[in-house]
Structure formats: structure tokens, C-alpha cells
Number of protein chains: 2
Amino acid sequence: MTDSNSSLRGFDRSLPMALLRARESMMRQFRPMLAQHDMTEQQWRVLRALAASELPLDVGEIADATFLLGPSLSRILANLEGRNLLLRRAGETDQRRSAISLTADGRALFERIAPESEEIYGLIERSFGEDRLSELISLLAELEKS
Amino acid sequence: MTDSNSSLRGFDRSLPMALLRARESMMRQFRPMLAQHDMTEQQWRVLRALAASELPLDVGEIADATFLLGPSLSRILANLEGRNLLLRRAGETDQRRSAISLTADGRALFERIAPESEEIYGLIERSFGEDRLSELISLLAELEKS
DNA sequence: CGGCATTACTTCACATGTTAGACAATTTCT
DNA sequence: AGAAATTGTCTAACATGTGAAGTAATGCCG
């Protein structure tokens, strides 16, 4: 690292940059744990979405839940399917949709990762403070709508 | 879009996801304008960093200023150099570093984009409110340190 | 001075982000 | 029913994110 020179401070007051830096500092705490399970952060989001739903989901529902775009999700689903973590079946009424659900392997992997993830999130929550965290999430939600 | 089913709400209270969504809602407002100038958001960050500095910068300084990792920055610099927007010269004292500065073309492009960018940022600022925005940026900075 | 760790980047390999276009199944209109 | 628009998903093409390994110039130390 080189020392930062003061003529570049403009970035520090930029909201997009502040959001980027904050999120990166979050993910730095999760990624090593996920990597031990050969999971990227996006793959983990898909696993979570499927585990949270009793019924199978179609691609559009997973996209909405995980905030992933179609092309990324397409590749991620192919990857997870290849690892026998999820299963795709053709939709009943609409042949365009596919019903996607976790396999036993997928659910088992979710059960292993979930508590580790919760523990890290808990550490962040306690370190930052639940009140401020809740305040922050509210502001972010309002920003998204504005 | 499919209607969201209530069993997937878990994501909404997740800070990493909230940060991702908020940032995406920001960038959606900037990207079309940048695309008109054949600029990605990251290329624009590099241009800004160089324009803000009187002296040439080396790669490490640009990386710190723009929050880009080495490999990404390497490719972006090659791209911008190929478009004659910036210039690399070998460092005086240390041959490993390169002194990077904008060309006349690069500076001209910066001057065209900067006011449009400022206008969009101003709209967001007024819409969200300067006080809340400032509060939000403070919280984000604290989160990054915690 | 010569070996050796360090530093500043770059390159590689793989995964995702982003936009635009392709395609097939469905719906709508006539 | 048949043509046209719409919808759900995928592919293509290019740019970036990420971790690991490679390379060349410096600095350190005996």
C-alpha cells in the first residue's frame, strides 16, 4: 500500500463508493468461510433462497429473491446442478418455467454452512450494535425507494 | 417479474443484501449516462482519480483511490491506454512503478462527463435529503471500521 | 558484491456483472 | 385457428471480481 495523498478525498464523500466499501468490508468476513465449502457468495444466496422455500422455485423467483440477474443465475444454477446440489424439473402448467429444488446433498450442505454464517453475522451485529444496524438497514431501504 | 412469496423474507433484513440493493439502485441512475460515453463505472472512477490529482499517479495509488483490485485495474488501464485517454511513463527513481496521467483526450472526456455526473448525484442528494445522506455515509464509514 | 526476501505489478483461471440478442412456450388478437 | 406480441429463460460478448502464481526491479544483509 502506498500512502494516500490528500487531493483524492472526493471519493470519500461519494455514496456509491461508501456503499461499495462497506459491502466489501462485510463480505471479507464471510468469504473465507464460504470458500472452505467451495461456495461463492452468490451460490450461497441461491442455496439460502431454495432452503427457505418449502416449494420448488422457478428461475424468476430465485432471481428476485437473490437479486441476481438472469445470465449470472443461469450459470450459477448450471454449476450447482452439476454438483448435485439442486434439481430442475420441467414446470407442470408452463413448460417455460422449471421447478428447482435442493437435493439431499444441497440441503445437507446448507445445514452445515448456515450456523457458521449466522455466527459471523452475529459477531458483526454485536460489534456494530443492533440499534445502529437496524437504523442503517432502514436508511438503505429508503434510499433504494427514493 | 413473479410475485414474491413471503417465505423468502430473510434476505430483506440481511445487511450485505441491503448494501447490494442500495448500491445497485444508485448505479442504475449513473450507468446509462456513462454508457453514452463508452465508460463503465470503474473506468470512470479511474478517470476521476487521475483528474483529481495534479501529479501523475502510480498503479498502487490509483488502486487505493478507486478501491479496485490489481488485476481489474491492470485491465482497465490497458483499455484506457489503448483509447488514448491516459499515458504511462516509467517511474524516475523506481522502475517498477509507472507514472500515469491523463492525455488531453482523457482530460477532455472527464470535463464532458463530470457535470453530468454531478447533476445526477445532485438529484439523488436532493431527493434523499442531505441530512439523511450525510447520516448514511457516516454509518457506512463506521461499519467499515468496526 | 552476491544471494534473498520484498515490493509493485501483471498474468492466469475461474466466477460474476451487464447489455443485447436468440428462442421456445404462452397468451392475445383478429 | 393463425399471426403477432409477450414472457421466461438462455447464450453471447465483453468487462470486472477474486485468489493464486509469475515476473522484474529494489532493498537488505552477510
Side-chain angles (χ1 to χ4, degrees), chain A residues 1-3 16 20-21 23-46 56-64 66-83 88-100, chain B residues 1-3 16 20-21 23-46 56-64 66-83 88-100:
Chain A
M1 295 299 142
T2 19
D3 54 347
L20 183 61
R21 300 172 73 105
R23 182 170 151 81
E24 176 54 26
S25 89
M26 284 297 93
M27 294 323 297
R28 242 198 299 271
Q29 307 184 58
F30 286 95
R31 267 196 291 266
M33 178 275 287
L34 291 174
Q36 287 187 339
H37 297 284
D38 286 300
M39 281 273 124
T40 65
E41 114 195 29
Q42 293 84 350
Q43 291 166 358
W44 173 234
R45 293 217 296 276
V46 171
L57 299 174
D58 62 41
V59 177
E61 289 169 330
I62 299 178
D64 290 348
T66 58
F67 207 62
L68 289 166
L69 294 180
S72 296
L73 187 49
S74 219
R75 289 175 298 218
I76 292 169
L77 292 175
N79 175 317
L80 296 179
E81 189 179 16
R83 290 156 67 182
R88 320 167 81 142
R89 227 186 310 264
E92 303 284 317
T93 67
D94 188 336
Q95 294 286 144
R96 287 171 305 186
R97 300 165 193 268
S98 42
I100 300 169
Chain B
M1 293 302 140
T2 21
D3 54 346
L20 183 60
R21 300 172 74 105
R23 182 171 150 81
E24 176 54 25
S25 88
M26 287 294 95
M27 295 323 296
R28 244 198 297 271
Q29 307 184 57
F30 286 96
R31 267 194 293 264
M33 178 276 286
L34 291 174
Q36 287 186 340
H37 297 284
D38 287 300
M39 280 272 124
T40 65
E41 115 196 29
Q42 293 85 350
Q43 292 165 359
W44 172 234
R45 292 216 299 272
V46 171
L57 299 175
D58 63 40
V59 176
E61 288 169 329
I62 299 178
D64 289 348
T66 59
F67 207 61
L68 288 166
L69 294 181
S72 297
L73 187 49
S74 222
R75 289 175 297 218
I76 292 170
L77 292 175
N79 176 317
L80 297 178
E81 188 179 16
R83 291 157 68 182
R88 319 166 81 144
R89 226 187 310 266
E92 303 284 317
T93 65
D94 189 335
Q95 294 285 145
R96 287 170 306 183
R97 300 165 192 268
S98 41
I100 299 170

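By convention in this document, chain letters (A, B, ...) are assigned in the order of the sequence lines, proteins followed by strands, and residues within each chain are numbered from 1. Hydrogens, waters and symmetry mates play no part in the numbers below; they use all other heavy atoms, side chains included.
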Value in whole Å for how far the C1' atom of D:dG17 lies from CD of A:Gln43: 14 Å
Residue B:Pro71, side-chain atoms from C-beta onward, closest of C:dT18, D:dA15, D:dT18: D:dT18
Nucleotide D:dT9, atom P - distance to CD of A:Glu81 in whole Å: 14 Å
Residues A:Asn79 and A:Arg83: side-chain donor-acceptor under 3.5 angstrom: yes
A:Arg97 side chain, from C-beta outward: closest of D:dT9, C:dT10, D:dA15: D:dT9
Side chain of B:Thr40 (C-beta onward), nearest among D:dT26, C:dT18, D:dA15: D:dA15
Trace of the side chain to side chain contact (heavy atoms under 4.5 Å, CB included) decision for A:Leu80 with A:Met39: CA-CA 10 Å; A:Leu80 296 179; A:Met39 281 273 124; 3.9 Å; yes
Cation-pi, B:Phe67 ring and A:Arg21 (6.0 angstrom, 45 degrees): yes
Earlier contact from the 5' end, DNA chain D, for B:Gly70 and B:Asn79: B:Asn79
Whole-Å gap separating P (C:dT19) and CG (A:Leu68): 15 Å
DNA chain C: 5'-proximal contact among A:Asp94 and B:Ser72 (nearest heavy atom): B:Ser72
Value in whole Å for how far the C1' atom of D:dT16 lies from CD1 of B:Ile76: 7 Å
Between C1' of C:dT16 and CZ of B:Arg75, the distance in whole Å: 12 Å
Audit row: B:Ile62, B:Leu68, side chain to side chain contact (heavy atoms under 4.5 Å, CB included) steps and yes/no: CA-CA 8 Å; B:Ile62 299 178; B:Leu68 288 166; 5.9 Å; no
B:Leu77 CG - C:dC9 P separation (whole Å): 10 Å
Presence of B:Arg31 side-chain N/O under 4.0 Å of D:dT16 phosphate oxygens OP1/OP2: no
Sugar-phosphate only, base, or nothing, as touched by A:Arg28 at under 4.0 Å among non-hydrogen atoms: nothing
Quiz item: B:Arg96 side-chain donor-acceptor pair to C:dA8 base, under 3.5 Å: no
Between C:dA15 (P) and A:Leu34 (CG): distance, integer Å: 15 Å
Nucleotide nearest B:Gln95 when distance is taken to its side chain, options C:dG17, C:dT18, D:dA25: D:dA25
Integer-rounded Å distance: D:dG19 P and A:Gln36 CD: 13 Å
Distance test, side-chain N/O of B:Gln42 to OP1/OP2 of C:dG17, below 4.0 Å: no
Nearest-nucleotide comparison on DNA chain C, the residue closer to the 5′ end among B:Ser98 and A:Thr93: B:Ser98
Under 3.5 Å: donor-acceptor pair, side chain of B:Gln36, backbone of B:Pro32: no
Nucleotide nearest B:Asp58 when distance is taken to its side chain, options D:dT16, C:dC9, D:dA25: C:dC9
Contact under 4.0 Å: B:Ser74 side-chain N or O vs C:dT10 OP1/OP2: yes
Candidate pair B:Glu61 and B:Asp58, rule side chain to side chain contact (heavy atoms under 4.5 Å, CB included), full reasoning: CA-CA 5 Å; B:Glu61 288 169 329; B:Asp58 63 40; 3.4 Å; yes
